[in-house]
Amino acid sequence: MIPDDQRAVIITAAGGPEVLSERQDWPVPRLGPDDVLIEVAAAGINRHDCNQRAAGPSREPNPIPGLEASGRIVACGADVSPERLGQAVMALTDGGSYAQYVATDQHLALDLPSSLDWIQGAALPEALFTTWFNFFELMRMAPGETTLIHGGSSGVGTIAIQLLRALGHPVMATGTAEKRALALRLGCSAVFDYADPDLAEQIRAATGTRGVDCILDTSAGAHIAQDLAALAMGGRIAQLSAGQGKELAVPLRSLMVRRASITGAFLRSTSLDLKRRIATELRQRIWPLLGTAIRPHIDSTYRLSEAAAAHARMETGRHIGKIVLCVRE
């Protein structure tokens, strides 16, 4: 039996991790015709969750954070095949995953491979969707093109390195010494210190002076001049962080000399149709690689009641890989 109320962590006010509060009486989501209800086993923590918490409960429609979860389908909307009941899934959600139950569109709840556990499954959806969205939808990455990832040890970065390498793309990354070591183990052909004043020259040297075709920037444009100098002709940069509304100062001459493009978008606010299309691409191209060529790197796990501590860990910037909440105890 599905209860009317559930345990959930909600954002009570704008502020630090302390504004997260566990409730025992939060309503279980109602389903639309294309929705499934997932009994959550684990939920991934993302930087977006911290930004949503800092902005307060009115920032997003759902005051429960959480953009991804693993668990079992326990109820189906009117247009969903009842054969999906009981299916183990990993899902992209529109908020609400820090809870016992979360609802999402049926097409965004994908089979959990038998080679992955609940924690690993919860660590993957946001990173997989974000990687595909930025590289193949926004930057239109072509076969064999090269990439540089700022923050290669992040949740997205660790998955992007493995995914792109598995598809035949040479990958490079930046980070601290410890994080560069992980990026090399994950398959990067070269790694760099993002604080090095000669960063662009080192990247160009590593590519035979050609430069890289695509750059994924998680630093809100902190290295924009170096990035443009490191690009190949016609190169593209995708911004993954808005940096709390930061303005981007672009050296126009460098942009024009390289015929470069700078793009960026929020995955959460993209259309459901686009998310469904990405889900289809991932299912066809990437799902056979999960658990073998692509595995999440787990930094740490916390109980649902420790969501504030999980946010504090993320905001130190010292985590490597994914932070996950264990919801089912």
Side-chain angles (χ1 to χ4, degrees), residues 47-48 51 127 130-161 163-165 167-177 179-180 183-184 187-270 274 317:
R47 177 66 61 177
H48 175 281
N51 294 339
T130 296
T131 297
W132 198 273
F133 178 50
N134 280 274
F135 282 98
F136 300 107
E137 291 288 337
L138 297 182
M139 291 193 283
R140 305 291 183 184
M141 195 175 199
E145 285 193 323
T146 59
T147 187
L148 172 73
I149 299 172
H150 286 304
S153 66
S154 67
V156 170
T158 52
I159 295 304
I161 290 169
L163 186 154
L164 295 172
R165 285 286 298 136
L167 295 181
H169 297 278
V171 183
M172 294 169 279
T174 63
T176 62
K179 295 178 178 181
R180 294 196 300 271
L184 285 173
C188 280
S189 58
V191 292
F192 312 96
D193 183 346
Y194 50 73
D196 196 310
D198 297 322
L199 177 61
E201 289 78 5
Q202 292 182 23
I203 294 167
R204 297 191 71 81
T207 58
T209 74
R210 181 180 179 275
V212 291
D213 299 291
C214 298
I215 295 177
L216 185 68
D217 184 9
T218 61
S219 68
H223 317 284
I224 188 63
Q226 296 269 36
D227 287 349
L228 286 168
L231 280 180
M233 294 297 288
R236 290 86 71 200
I237 300 172
Q239 297 293 334
L240 201 58
S241 169
Q244 304 292 327
K246 178 181 176 181
E247 294 185 2
L248 187 64
V250 178
L252 286 176
R253 181 174 179 81
S254 295
L255 182 142
M256 296 167 73
V257 165
R258 297 277 185 257
R259 299 198 297 271
S261 300
I262 301 175
T263 186
F266 293 113
L267 175 63
R268 184 173 186 179
S269 59
T270 59
L274 176 55

Identify each donor-acceptor pair in which a side-chain atom of residues 152-159 lies under 3.5 Å from a protein atom, sequence neighbours left out, and give them as a table.
{"unit_1": "S154", "atom_1": "OG", "unit_2": "G151", "atom_2": "O", "d": "2.9"}
{"unit_1": "S154", "atom_1": "OG", "unit_2": "G157", "atom_2": "N", "d": "2.9"}
{"unit_1": "T158", "atom_1": "OG1", "unit_2": "S154", "atom_2": "O", "d": "2.9"}
{"unit_1": "T158", "atom_1": "OG1", "unit_2": "G155", "atom_2": "O", "d": "3.1"}

Hey, is CZ on R47 packed in by over 12 heavy atoms from elsewhere, all under 6.0 Å?
-> yes

Would you find a donor on one side and an acceptor on the other, under 3.5 Å apart, between the side chain of R210 and the backbone of A205?
-> no

Any pair counted as salt bridge (Lys or Arg N to Asp or Glu O under 4.0 Å), so long as it reaches residues 193-202, sequence neighbours left out = none

Pairs touching residues 225-242 that satisfy salt bridge (Lys or Arg N to Asp or Glu O under 4.0 Å), sequence neighbours left out | E145-R236

Worked verdict on L148 versus Y194 for side-chain contact (heavy atoms from CB on, under 4.5 Å) | CA-CA 11 Å; L148 172 73; Y194 50 73; over 6 Å; no

Would you name the heavy atoms of A229 and R258 that are closest together and state the gap between them?
-> O-NH2, 3.1 Å

Give every donor-acceptor pair under 3.5 Å between a side-chain atom in residues 260-268 and any protein atom, sequence neighbours left out.
{"unit_1": "R268", "atom_1": "NE", "unit_2": "D94", "atom_2": "OD1", "d": "2.6"}
{"unit_1": "R268", "atom_1": "NH2", "unit_2": "D94", "atom_2": "O", "d": "3.0"}
{"unit_1": "R268", "atom_1": "NH2", "unit_2": "D94", "atom_2": "OD1", "d": "3.3"}

Under the criterion side-chain contact (heavy atoms from CB on, under 4.5 Å), which of L231, T174, I224, T147 is the partner of I215?
-> L231

Among all residues two or more places apart in sequence or in another chain, which pass the side-chain contact (heavy atoms from CB on, under 4.5 Å) test with S219?
-> D217, A222, H223

R180 side chain vs V191 backbone, donor-acceptor pair below 3.5 Å = no

Can you pull the salt bridge (Lys or Arg N to Asp or Glu O under 4.0 Å) pairs that have at least one residue in residues 130-140, sequence neighbours excluded?
-> E137-R277

Are the side chains of F136 and L164 in touch, meaning some heavy atoms are under 4.5 Å apart?
-> yes

